[in-house]
Chemist: 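What follows is a structure written as structure tokens; I'll ask about it next.
As the structure is a computational prediction, the values presented were derived from the model and not from experiment. Just so it is clear: chains get the letters A, B, ... in the order the sequence lines come, proteins before strands, and each one is counted from 1.
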Amino acid sequence: MSNKELSRILFSIAKYLEMEEESFRSVAYRKASRSISSLDRSVEDIYSEGGPEALKEIPGVGESIALKIEEYIKTGKIKYYEELKSKTPIDLSEIIAIEGMGPKKAKILYQKLKVKTISQLEKAAKGHLIAPLRGFGEKTELNILQGIEFLKGQKGRFLLGEVYPIVEDVLRGLRSLREVEKAEVAGSFRRSKETVGDIDLLAVSSEPEKVMEYFASQPDVAKVWGKGLTKSSVRMAEGFDMDLRVVSRKSYGAALQYFTGSKEHNVATRRIAISKGLKLNEYGVFKGTRRIAGETEEDVYKAIGLQWIPPEMRENQGEVELALENKIPRVVDCKDMRGDLHVHSNWDGGNDPIEVLAEVAKKMGYEYIGISDHTQYLKIEHGLDEAQLAKRDLEIDKLNEEYKEFRILKGCEANILNHGEIDIKDEALSKLDYVIAGIHSSMKMGKAEMTERIITAMKNPNVDIFSHPTGRLINTRDEYQIDLEKILRAAKEFNVVLEINASIERLDLKDEYIKRAKKAGVKMVIGTDAHIKEELNLMRLGVAQARRGWAKKKDIINTGSVEELLNNFHD
DNA sequence: GCCGTTTTCGGCCCGACTGTTTTCAGTCG
């Protein structure tokens, strides 16, 4: 059993309860679900150490949910959940993945039209059976069809952040085997693409049968597609496939290069090899039949006259040409990061007190953490008003007195209202160390209006950072309509830093826009948008995204010291 | 169903937006 599965079931229960108008109970389940999905320990371990009592230590888990988790660990099922499912037997999670569809609509469509699956839903919409229903209409029907199309577009792709902890676990497991000399993940995962299809793993071992046996019998494996001595392929319980290849030590680097891709990058590198009278394949670099490189990736690139290229850059976007001239930039690295400015504390409904967040940040080696609680407009996120902000800042002052080489910065994530106004008084904003502003409402504005709205907000001298600039949710929601070039020019002119939001479903700015921002001379900041302390480690996703956008250390302001950082902001 | 520097019971989940309706239900953040 994985935390992920459990979290998914609790989330599903929450959605079923919404169907039943059980709103408070639903919120409780959703909270528990979120909490569990971001735990850094396995729920099973927690249970085996301390039983249901230990489970209750998990935020959002109380008596009742603890018992349900126990039931799940012991029997693999939760009776309560099974009952909810049998009452309304539909693919709820799939159907509500369609933008605009929620549990209530799903229930009506089941009751009136017996719609249980996406394909039945599509059929019903195409047959114009939905529009005549009370509460539905032409537009809803159309939105459903568009939503289904959107979902089809990303079928089979998983979010990088979703699979990250699972891949790490598998890799750790492989590396811990005595029979494994080394192991690494390749493919789009290694390139840190925002979504990944299947996961490609490589290992060097003199006893492949034992390695493959281990790989195929991991607890999370749902199905074994094939198991051989050089390649095995499995479907994980979470729904994605993993391939493991065991290669010889001599060709490990070449295999890593080959399986990391991208395909386009590989075509380009092979072409370079040919131009030098060499041959590059997954076994090595060959001069005639003699292998001249292959053991390490560095050797492989060197043998064909190229500088080593960070995996995140391997998309054939000009990186091969740069490598030929030894001009690959030193892109930003996790080690460069000195702090996180996008963190929500328990003041705005986040999970953890400022003190706890600061301690985690310190342990991560940071020199500062910025607390950016929501402001008042976002009622559901317990946004703070001017007085509450001031009160919170007293707490920060007090904590700061205790620290020597570490500082907690006072920030907020304010809301940009429909005409570019900020939802909290300038007087309050000016007292903070920095202000993040972002859009959390009216996301379907027209392009011109939306662009104007954002630029108006940027003109506010208190606004320092523009958070999740395009508002997209990967695989779920498109970007808002904005004129990015205009926004970039305004950011430069009004000295506003653009965020690279590292949360799993956002990764916003995306790679391409990071390049454009860089070109426009706009500074960026990587923020995790953590609502609980464990999410501070999403920084690595944000850094990976920045690397995909070829950002250097100097492009990212939270690689600087506190003084350097604050210098980027208005007074 | 969870939680407690307002409480072990009674709060918590508000407001905008959309697409439906002629006053509102469902969805989203």
Side-chain angles (χ1 to χ4, degrees), chain A residues 10-11 13-36 52 55-69 78 80-81 84 92 95-109 130-144 146-147 344 346-351 353 355 374-385 391-392 394-395 413-419 421 423 438-446 449-450 467-468 471-473 476-478 480 501 503 505-506 508 529 531:
Chain A
L10 295 176
F11 187 78
I13 292 177
K15 289 295 161 186
Y16 272 110
L17 290 171
E18 253 178 73
M19 215 178 250
E20 311 286 330
E21 306 278 353
E22 287 272 14
S23 48
F24 293 126
R25 208 166 275 165
S26 168
V27 168
Y29 274 97
R30 209 174 54 219
K31 220 171 157 187
S33 161
R34 180 165 192 184
S35 175
I36 284 168
L55 292 176
K56 282 161 74 177
E57 295 296 309
I58 302 168
V61 175
E63 184 70 33
S64 168
I65 294 182
L67 289 176
K68 291 191 175 69
I69 296 174
I78 297 175
Y80 180 58
Y81 177 49
L84 287 169
L92 186 60
I95 290 174
I96 62 174
I98 297 166
E99 178 85 342
M101 281 293 288
K104 303 253 174 78
K105 281 187 182 161
K107 186 182 183 185
I108 293 170
L109 291 177
I130 292 176
L133 294 178
R134 191 179 167 75
F136 293 78
E138 293 294 331
K139 281 204 175 163
T140 310
E141 198 169 78
L142 208 63
N143 278 342
I144 288 173
Q146 283 170 351
H344 297 273
N346 62 355
W347 278 83
D348 76 355
N351 207 56
E355 198 180 344
H374 286 293
T375 52
Q376 55 194 358
Y377 172 87
L378 274 190
K379 295 278 171 8
I380 183 120
E381 303 270 16
H382 308 279
L384 308 183
D385 61 22
K391 205 170 153 202
R392 183 204 66 172
L394 286 179
E395 182 180 317
E413 186 184 20
N415 303 290
I416 301 174
L417 305 180
N418 286 5
H419 300 290
E421 327 88 288
D423 68 326
I439 285 181
H440 298 97
S441 60
S442 301
M443 300 180 202
K444 288 195 169 172
M445 263 183 189
E449 206 186 343
M450 188 59 125
S467 58
H468 40 73
R472 70 156 179 179
L473 298 177
T476 304
R477 185 178 72 200
D478 269 334
Y480 346 112
N501 187 296
S503 72
E505 58 279 358
R506 288 192 188 270
D508 178 13
D529 208 347
H531 284 68

Chemist: For A:N418, give me all partners under side-chain contact (heavy atoms from CB on, under 4.5 Å), at least two apart in sequence or on another chain.
Modeler: A:S441, A:S442, A:M445, A:R453
Chemist: What's the closest nucleotide to the side chain of A:S64 if the choices are B:dG26, B:dG29, B:dC2?
Modeler: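 Looking only at side-chain atoms, A:S64 lies closest to B:dC2.
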Chemist: Kindly confirm whether the side-chain ring of A:F24 is stacked on the base of B:dC13, judged by centres under 5.5 Å and planes under 30°.
Modeler: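 No.
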Chemist: Is a side-chain donor or acceptor of A:D529 paired with a backbone partner of A:N501 at a separation under 3.5 angstrom?
Modeler: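 No.
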Chemist: What is the distance, rounded to the nearest whole Å, between atom CG of A:D423 and atom P of B:dG29?
Modeler: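 That distance rounds to 18 Å.
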Chemist: Taking the side chain from A:E421 and the backbone from A:H419, do they hold a donor-acceptor pair closer than 3.5 Å?
Modeler: yes
Chemist: Just how far, in rounded Å, is P of B:dC13 from CZ of A:R25?
Modeler: 17 Å
Chemist: Between A:L92 (CG) and B:dG26 (P), how many Å, whole number?
Modeler: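 Answer to the nearest Å: 15 Å.
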Chemist: In whole Å, measure the gap between the P atoms of B:dC12 and B:dT21 for me.
Modeler: 33 Å
Chemist: Round to the nearest Å and state the distance from A:I98 atom CD1 to B:dT27 atom P.
Modeler: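 Those two atoms, CD1 and P, are 12 Å apart.
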Chemist: Return the value, rounded to whole Å, for the distance between atom NZ of A:K105 and atom C1' of B:dG26.
Modeler: 6 Å
Chemist: In the 5'-to-3' direction, what one-character label does each nucleotide of nucleotides 16-21 of chain B receive under the scheme B = base within less than 4.0 Å of a protein heavy atom, S = sugar-phosphate only, - = no such atom?
Modeler: SSSSSS
Chemist: Using heavy atoms to find the nearest nucleotide of DNA chain B for A:V27 and A:I58 separately, return the residue whose nucleotide is more 5′.
Modeler: A:I58
Chemist: Which is more 5' along DNA chain B, the nucleotide nearest A:I96 or the one nearest A:Y80? Just name the residue.
Modeler: A:Y80
Chemist: Just jot down the side-chain contact (heavy atoms from CB on, under 4.5 Å) partners of A:F24, sequence neighbours excluded, or say none.
Modeler: none
Chemist: Suppose we define a pair by two distances each less than 3.5 Å, Watson-Crick or G-U wobble; what does B:dT8 pair with here?
Modeler: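 Base-paired to nothing in any strand shown.
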Chemist: Can you check the distance between B:dT6 and B:dG11, where both ends of the measurement are the C1' atom (answer in whole Å)?
Modeler: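 About 10 Å, rounded to a whole number of Å.
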Chemist: What contact category does A:K15 fall into here, base, sugar-phosphate, or nothing, at under 4.0 angstrom with non-hydrogen atoms?
Modeler: nothing
Chemist: Within the structure shown, what part of the strands sits under 4.0 Å from A:L473 by heavy-atom distance: base, sugar-phosphate, or nothing?
Modeler: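 Touches sugar-phosphate only.
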Chemist: Mind checking what makes ring-ring contact (aromatic ring centres under 6.0 Å, His included) contact with A:H468, not counting sequence neighbours?
Modeler: A:H440
Chemist: The criterion is side chain to side chain donor-acceptor pair (under 3.5 Å); which residues satisfy it with A:Y81, sequence neighbours excluded?
Modeler: A:S12
Chemist: Starting at CD1 of A:I36 and ending at P of B:dC2, how long is that distance when rounded to a whole Å?
Modeler: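 Taking CD1 of A:I36 and P of B:dC2, I get 11 Å after rounding.
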Chemist: Take atom CD1 of A:I439 and atom P of B:dG29, then tell me their distance rounded to the nearest Å.
Modeler: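 Atom CD1 in A:I439 sits about 14 Å away from atom P in B:dG29.
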Chemist: Let me know the distance between CG of A:L17 and C1' of B:dC2, rounded to the nearest Å.
Modeler: 14 Å
Chemist: Could you tell me which residues satisfy side-chain contact (heavy atoms from CB on, under 4.5 Å) with A:I96, sequence neighbours excluded, listed by chain and number?
Modeler: A:K15, A:L92, A:P103
